[in-house]
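The structure appears below as structure tokens.
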Amino acid sequence: MEDKRRRRRKKQRTRIIVAAVIAVLAVIVVIFAAFKIYNFAFSSAREYVNSSSESSAGGEEVSVEIPEGATTKDIAKILNDAGLIDSEIIFRIQSRMSGYDGTYIQGKYSIPMGSGAEEIMAILSAGPQVDESRRVTIPEGYTAQRIASLLEERGIVTADDFINEMNTGTFDYDFLSGIPKRDYYLEGYLFPATYVFEEGATAHDIICQMLDRFQIAYDNILKNSGSEYTTDELVTVASMIESEIQVPEERAIAAGVIYNRLEAGMRLQIDSTVQYANNTRNEVVTYDDLEVDSPYNTYQNYGLPIGPICNPGEAAMEAAVNPDDNNYLYYVVKERGSGEHVFTDNYDDFLVARENYHNSFNN
């Protein structure tokens, strides 16, 4: 009887070992097959691009513009729309395989029709040949007026032409629909970035370049945010964050404060809106400043101002869309020149923090 049990246990162990070996072999077969499929797919992509690279590049040149912040996916679509490549996905794969992914430089390019994919990648990675006098950087937080003045200083267009075109020109972008009538109509949408403006570019051309760059931020951040606020309201919130906050980690916190005050039915009382209404950038807002009669004065009016008070960058937009979940209702600069803020959920603590800020002027 004992011999039978031993033989039965031996057979069971043998079956277990055989099953384990079969399972291991099956896994090896699956991994091998996956590897072969992977290798075939990427070899096909490589062969496609290599054969494309042998194409004649002697045809007419096609002008394309790569906006600042464009991803490889964005660039592949631009090239495909221009008829320079046949497959967006293969271009993206080869960009990664060849080490070009993330190296493409913004700017306007003239690419010969029939250029191979490798050649196009090299061109876009090397960057455009530009007249440096036409390269202009618009910093985050600049107002339309400051942008206009900068463009005039650089000899690109006159400030008057820029402002007039911004307020009266026709611009066909979905994100501009529903904007209320106001001074500096496109304030908030003149995306801060580095641009290269062609010789002879008009104010309309320049504004379209800025709106094209805003389109990318809109698509990536604002378009599908799921927010209860409109695009214009989100840009307005982002503009206040851009104007008020210097420390990156505080942006989302300040956004939370703004939404908390709106939900509580409190006036926002944001100094930057008063400065915008007065066209000043003084370090301290005076009581006289607070008396300005303007739809941008959030000390007098409830709710959001009528529109953005500057042109915010992507980080401020991200904060407006993804505010910190907090209970803060107040904030004040920690001390003069620090750029940091004290955040509080009650008025008494705010008064103490404000007093400390004022005292820092004497230190």
Side-chain angles (χ1 to χ4, degrees), residues 140-141 188 221-222 225-230 232-278 280-310 312-313 315-363:
E140 289 90 346
I221 303 172
L222 303 174
S225 67
S227 173
E228 63 185 273
Y229 292 92
T230 67
D232 196 52
E233 289 170 337
L234 289 172
V235 176
T236 298
V237 171
S239 73
M240 292 188 289
I241 295 169
E242 191 71 76
S243 295
E244 292 274 298
I245 305 300
Q246 299 178 30
V247 179
E249 294 76 18
E250 292 184 356
R251 293 190 184 106
I253 302 174
V257 175
I258 291 171
Y259 291 124
N260 289 342
R261 291 181 72 93
L262 289 172
E263 291 172 8
M266 303 170 67
R267 293 186 181 93
L268 292 180
Q269 297 184 323
I270 290 179
D271 289 356
S272 294
T273 65
V274 174
Q275 292 173 324
Y276 185 81
N278 284 294
T280 59
R281 295 195 299 276
N282 299 327
E283 184 176 5
V284 176
V285 173
T286 67
Y287 286 110
D288 286 342
D289 293 332
L290 301 182
E291 296 301 316
V292 61
D293 182 14
S294 168
Y296 291 95
N297 186 349
T298 58
Y299 275 83
Q300 290 187 348
N301 305 307
Y302 287 93
L304 292 169
I306 193 173
I309 60 172
C310 74
M317 292 184 195
E318 287 279 6
V321 170
N322 299 294
D324 180 58
D325 184 10
N326 59 58
N327 297 317
Y328 297 135
L329 292 171
Y330 309 91
Y331 64 82
V332 64
V333 177
K334 189 173 183 179
E335 59 184 22
R336 186 180 187 183
S338 72
E340 296 179 272
H341 290 82
V342 175
F343 296 86
T344 177
D345 59 3
N346 69 84
Y347 190 63
D348 289 339
D349 287 348
F350 164 73
L351 290 178
V352 171
R354 188 178 67 175
E355 183 67 21
N356 291 336
Y357 167 63
H358 288 156
N359 289 338
S360 71
F361 279 68
N362 300 320
N363 296 335

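One distance of note links OG1 of T344 with OH of Y331; it measures 14.0 Å at 0.5 Å rounding. In this structure, CG on N326 lies 9.0 Å from CG on D345, to the nearest 0.5 angstrom.
Taking both residues in full, the closest heavy atoms of P305 and T236 are given as CG-CG2, 3.7 Å, listed atom of the first, atom of the second, then distance. For the residue pair E250 and G339, the shortest heavy atom distance occurs at OE1-O, 4.0 Å. The two residues C310 and G141 come nearest to each other via the heavy atoms CB-O, 3.3 Å. The minimum heavy-atom distance between G313 and E242, with the atom names listed, is N-OE1, 2.8 Å. Nearest heavy atom pair, residue N301 against residue S294, reads ND2-O, 2.9 Å. Smallest separation of non-hydrogen atoms from E233 and T230: OE1-N, 2.9 Å.
Between S227 and V321, the closest side-chain pair of non-hydrogen atoms is not below 4.5 Å. Between L234 and M317 the shortest side-chain heavy-atom distance does not fall below 4.5 Å. Counting heavy atoms from C-beta on, the side chains of F343 and D324 never come closer than 4.5 Å. Considering only heavy atoms from C-beta on, I241 stays 4.5 Å or farther from P312 through its side chain. Looking only at side-chain heavy atoms (C-beta outward), H341 and I245 come within less than 4.5 Å of each other. Between M240 and L304, the closest side-chain pair of non-hydrogen atoms falls below 4.5 Å.
Within a 6.0 Å radius of OH in Y259, more than 12 heavy atoms belonging to other residues, nucleotides or ligands are found. For N346, the CG atom counts as densely surrounded, since its 6.0 Å shell holds more than 12 non-hydrogen atoms of other residues, nucleotides or ligands.
A donor-acceptor pair under 3.5 Å is formed between the side chain of N260 and the backbone N or O of Y328. Within the 3.5 Å criterion, the main-chain N or O of E355 finds a donor-acceptor partner in the side chain of N359. In terms of modelled atom types and a separation under 3.5 Å, the side chain of E318 and the main chain of I221 share no donor-acceptor contact.
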Can I get a per-line list of side-chain donor-acceptor pairs under 3.5 Å for residues 267-274, giving both atom names and the distance, sequence neighbours left out?
| from | atom 1 | to | atom 2 | distance (Å) |
| --- | --- | --- | --- | --- |
| R267 | NE | Y299 | O | 3.4 |
| R267 | NE | Q300 | O | 3.3 |
| Q269 | OE1 | R261 | NH2 | 3.3 |
| D271 | OD1 | Y299 | OH | 2.6 |
| S272 | OG | E244 | OE2 | 2.5 |
| T273 | OG1 | I270 | O | 2.6 |
| T273 | OG1 | Y296 | O | 3.2 |
| T273 | OG1 | T298 | N | 3.4 |
| T273 | OG1 | T298 | OG1 | 2.7 |

Inset, instruction - Could you go through the side chain to side chain contact (heavy atoms under 4.5 Å, CB included) check for V285 and Q275 one step at a time? - result: CA-CA 7 Å; V285 173; Q275 292 173 324; 3.9 Å; yes

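For Y357, the ring pair (Phe, Tyr, Trp, His ring centres under 6.0 Å) partners two or more places apart in sequence, or in a different chain, are F361.
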